[in-house]
Asks: 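Here it is, the structure in full.
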Amino acid sequence: MSTATAENSQTAQGRETIIVRNVKKFFGPTRALDGVNFTARAGEIHAVVGGNGCGKSTMAKVVSGILPVDGGTVSILGETPSTPAESKAIGISTVYQEVLVADESTVVDNIFMGSDALFSKSMSQEHKVVRAAELMRELAGEPVDPFAIAGTLPLGLKQWITIARALVSDPRILILDESSAALDFDSTERLFAKMRSLRDQGTTILIVTHRIAELIRISDRATVLRDGRDVGVLEKEQITEKNLLALMTGDENAGKSHSNEAPQPRDGSIALRGEKVTVWADTEPFDFEIRRGEIVGIAGLDGQGQDAFVRAVAGVEPARSGLIQVTDRHGEYHAVRNLADAVEGKISYVSGDRKREGIFASMSIFENMVMPLYREKKRAGILSIIDWPTLGTIFKREADNLLIKFGMREDRITSLSGGNQQKVLIGRGFAMRPDVIVLNDPARGIDVGAKTELYKHLRTFAGEGKSVVYMSSELEEFIGFATRVIVFRDGKPFDAFDGRSLDPKRVLEAMFGQTDGSGLESAWGLKPVTGTSSAQGEPRGARTESDGVKVAVEVPKDIREAMERRNRAAAIARATDVAETERPVAAHRKDSRPAVPSMPKSIRIVEFDREKGEAREIGQGGGGR
């Protein structure tokens, strides 16, 4: 490159391409943007950051030409686009917060959707197929069939389709609204590499994100919004967690670190267990236990089986084989084969894919949160009148706990920002008053303040002797939060780590298969060792008492273990049959316990005199009588 060309390139890269002056945007009484100012330059990655409901996504839509402004001026490359078509014509591409794909269409059709005019094509179908295959291989890091139906692909690949759609037109301005929310660590690194490449070519990249650790690494400048107004612009060297949090919250002390230790269970009481479980076909079965009072982190690269595992634990989809059981408050085990079993066993589930598995778009904010409680919270006997005052109290409690921003509770949930929609789903999970809560990447799209509140509530929840299963694509979430972390790879657990001494680097190495997997057999592995082993917190075979005759019946250890083995074998076989014959949803059966096998030939019956401290045999029984 000649000196003159280099100078021209450098001048072009410093030119302001986006100029926003005193922009206002109202939705009824809500002031989404209330006098925002900011600029972005060519050859720059500029972040727009703030809490949920601060106006970030609204700003992205204004710049994209999706939303007209109610006041102020917007200049994009010297023009003011007022429609998506005008924005596209001047070189703006946007990846929106929701993963927008046509599930019934192929990958190639989704990528080139909107690229052709009414009576002409941008390129031949053969070239589209080749281009789509190249883009998806570059972005996803693996070959993706251009003719695959998008609806059959995992969420991470769908996100790559939306990003490829934005890149296929070689944009001059690229807007990414929470585009890494559905991506794991490895995928996010590939996205960052692509963003840096585009930046170096002079593209303006505007990113909206809640992931502060990512923002610090990738951004050249950052504009912070709070309550619809810009409150500060940070240059590269000023972008730190402390400065960002101070501007986002208005609290100078918000960025100070707080030392937290991962919660530890008080004893070895089991809340949930699985035996000979598989979530993928042709994989080695595994056993696991989840104790009361712990937070179990689930990690792994995208598509390694961790999603299928948490869905099986929550009864959303049955495991391929094996038996998953939850204990009730009396220590009895009950199988979890479907959602009805899970609800009866007091397990609640929170999905990170709110569009497909979470919200009811046509219903109100209030209904979306408390709808699962309609049958439980009713009065007037057989009239079954819904107890609206009680539901209103529950709604207010959860909304206050999670700092949900909304106008009227009767407004449709789609009137909320994506982050606040996610908070409603999390509130729904807590409102069901579960003993086990399963969260599938729940922090997608929620701000750092809401994350802090969520972590606090989950810690309190675990401190009450309840259990948390928390799957996340952000390793930073587990530090000082998870009791232990289980890493999945190739459809099964690959390694496990103690939350008290968690090293994100080691977890990342496990995700890529670079550790020896020894953690699975350790004290913090799949079947951790803590305190006593029974579900009640007492050693098995312990003597029980009542107010009647002072008699204890003790079953010999070898007979007891044989009975338990036969019970489990029968239950596993039956659960596997159900999973194979009744997928995807097994029929609900109230009695989930296996049939009791025949008793051993004889047992000793003893009488114990507490005052004398002596026991004597008074007879024998057998034959199951």
Side-chain angles (χ1 to χ4, degrees), residues 16-41 44 46-90 92-98 173-178 204-210 215 219 221-234 244 246-250 365 403-421 423 445-447 449-450:
E16 291 183 343
T17 54
I18 302 175
I19 303 174
V20 174
R21 292 284 181 259
N22 197 33
V23 164
K24 298 181 180 181
K25 180 62 186 177
F26 308 140
F27 297 98
T30 303
R31 293 174 174 263
L33 298 175
D34 192 13
V36 172
N37 298 273
F38 87 95
T39 61
R41 306 165 186 154
E44 172 183 75
H46 192 115
V48 179
V49 63
N52 290 129
C54 72
K56 304 182 304 299
S57 293
T58 301
M59 175 54 63
K61 291 175 182 176
V62 165
V63 174
S64 301
I66 301 295
L67 294 175
V69 299
D70 296 323
T73 60
V74 178
S75 174
I76 312 295
L77 297 169
E79 301 187 35
T80 305
S82 58
T83 67
E86 292 178 5
S87 296
K88 184 176 180 180
I90 65 175
I92 301 175
S93 288
T94 305
V95 181
Y96 299 102
Q97 185 172 8
E98 302 296 341
I173 294 178
L174 177 63
I175 302 172
L176 302 172
D177 187 357
E178 298 286 358
T204 301
I205 301 175
L206 192 66
I207 61 170
V208 175
T209 183
H210 288 107
L215 185 153
S219 301
R221 283 199 302 159
T223 296
V224 182
L225 302 185
R226 185 171 73 240
D227 297 328
R229 299 180 180 181
D230 59 295
V231 293
V233 179
L234 301 176
L244 288 168
L247 288 173
M248 288 168 61
T249 63
I365 302 167
L403 308 177
I404 302 175
K405 290 184 178 181
F406 61 95
M408 302 290 290
R409 73 181 196 180
E410 292 78 16
D411 294 341
R412 285 193 177 185
I413 193 169
T414 50
S415 67
L416 300 180
S417 67
N420 280 303
Q421 290 178 24
K423 291 182 192 178
I446 67 173
D447 61 57

Asks: Suppose we screen for ring-ring contact (aromatic ring centres under 6.0 Å, His included). Which residues come up paired with Phe38, at least two apart in sequence or across chains?
Replies: His46
Asks: Any side-chain heavy-atom pair from Ile76 and Val74 closer than 4.5 angstrom?
Replies: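 In short, these two side chains touch, coming nearer than 4.5 Å.
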Asks: Looking at Ile66, Ile90, Val63, Val62, which hits side-chain contact (heavy atoms from CB on, under 4.5 Å) with Pro81?
Replies: Ile90
Asks: Is any side-chain heavy atom of Leu225 less than 4.5 Å from a side-chain heavy atom of Val49?
Replies: no
Asks: Looking only at atom types and distance, does a side-chain atom of Asp177 sit under 3.5 Å from a main-chain N or O of Ser57, one as donor and one as acceptor?
Replies: no
Asks: Do the side chain of Arg226 and the main chain of Cys54 share a donor and acceptor less than 3.5 angstrom apart?
Replies: no
Asks: Do Thr223 and Asp230 get their side chains close enough for a donor-acceptor pair, meaning under 3.5 Å?
Replies: no
Asks: Using a 6.0 Å cut-off, check whether atom CZ of Arg229 has over 12 heavy atoms from anything other than its own residue.
Replies: no
Asks: Quick one: closest heavy-atom pair of Gly232 and Leu247, and the distance?
Replies: CA-CD1, 4.3 Å
Asks: Does the side chain of Asn37 reach to within under 4.5 Å of the side chain of Val20, using non-hydrogen atoms?
Replies: no
Asks: Kindly compute the distance separating OG1 (Thr94) from CG (Leu176), expressed to the nearest 0.5 Å.
Replies: 8.5 Å
Asks: Side chain to side chain contact (heavy atoms under 4.5 Å, CB included) for Thr58 and Phe27? Distances and angles first, verdict last.
Replies: CA-CA 10 Å; Thr58 301; Phe27 297 98; 4.1 Å; yes
Asks: When you compare the side chains of Ser82 and Glu86, does any donor N or O come within less than 3.5 Å of an acceptor on the partner?
Replies: yes
Asks: Is any side-chain heavy atom of Ile207 closer than 4.5 Å to one of Ser219?
Replies: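 Answer yes - side chains close enough.
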Asks: Got a sec: does the NZ of Lys25 have more than 12 other heavy atoms crowding it under 6.0 Å?
Replies: yes
Asks: Would you check if Thr73 and Val23 make a side-chain contact, meaning some heavy-atom pair closer than 4.5 Å?
Replies: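 Sidechains of Val23 and Thr73: no contact.
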Asks: Quick one about Thr204 and Thr17 (side-chain donor to acceptor, distance below 3.5 Å, no hydrogens or angles considered), yes or no?
Replies: yes
Asks: Look at the side chain of Ser87 and the backbone N and O of Thr83, then say whether any donor-acceptor pair between them is shorter than 3.5 Å.
Replies: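 A pair under 3.5 Å: yes.
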Asks: Heavy-atom distance under 4.5 Å between the side chains of Lys405 and Asp227, does that happen here?
Replies: yes
Asks: What closest approach, in Å, do Leu215 and Ala222 show between heavy atoms, and which atom pair accounts for it?
Replies: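 Looking at all heavy atoms of both residues, the closest pair is CD2-CB, 4.4 Å.
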Asks: State the NZ-CD1 distance between Lys423 and Ile365, to the nearest 0.5 angstrom.
Replies: 12.0 Å
Asks: Do Leu206 and Ile173 come within less than 4.5 Å of each other through their side chains, counting heavy atoms only?
Replies: no
Asks: Output yes when Asp70 and Lys24 qualify as a salt bridge under the 4.0 Å nitrogen-oxygen rule, no when they do not.
Replies: no
Asks: Quick check: do Met408 and Asp411 have side-chain heavy atoms less than 4.5 Å from each other?
Replies: yes
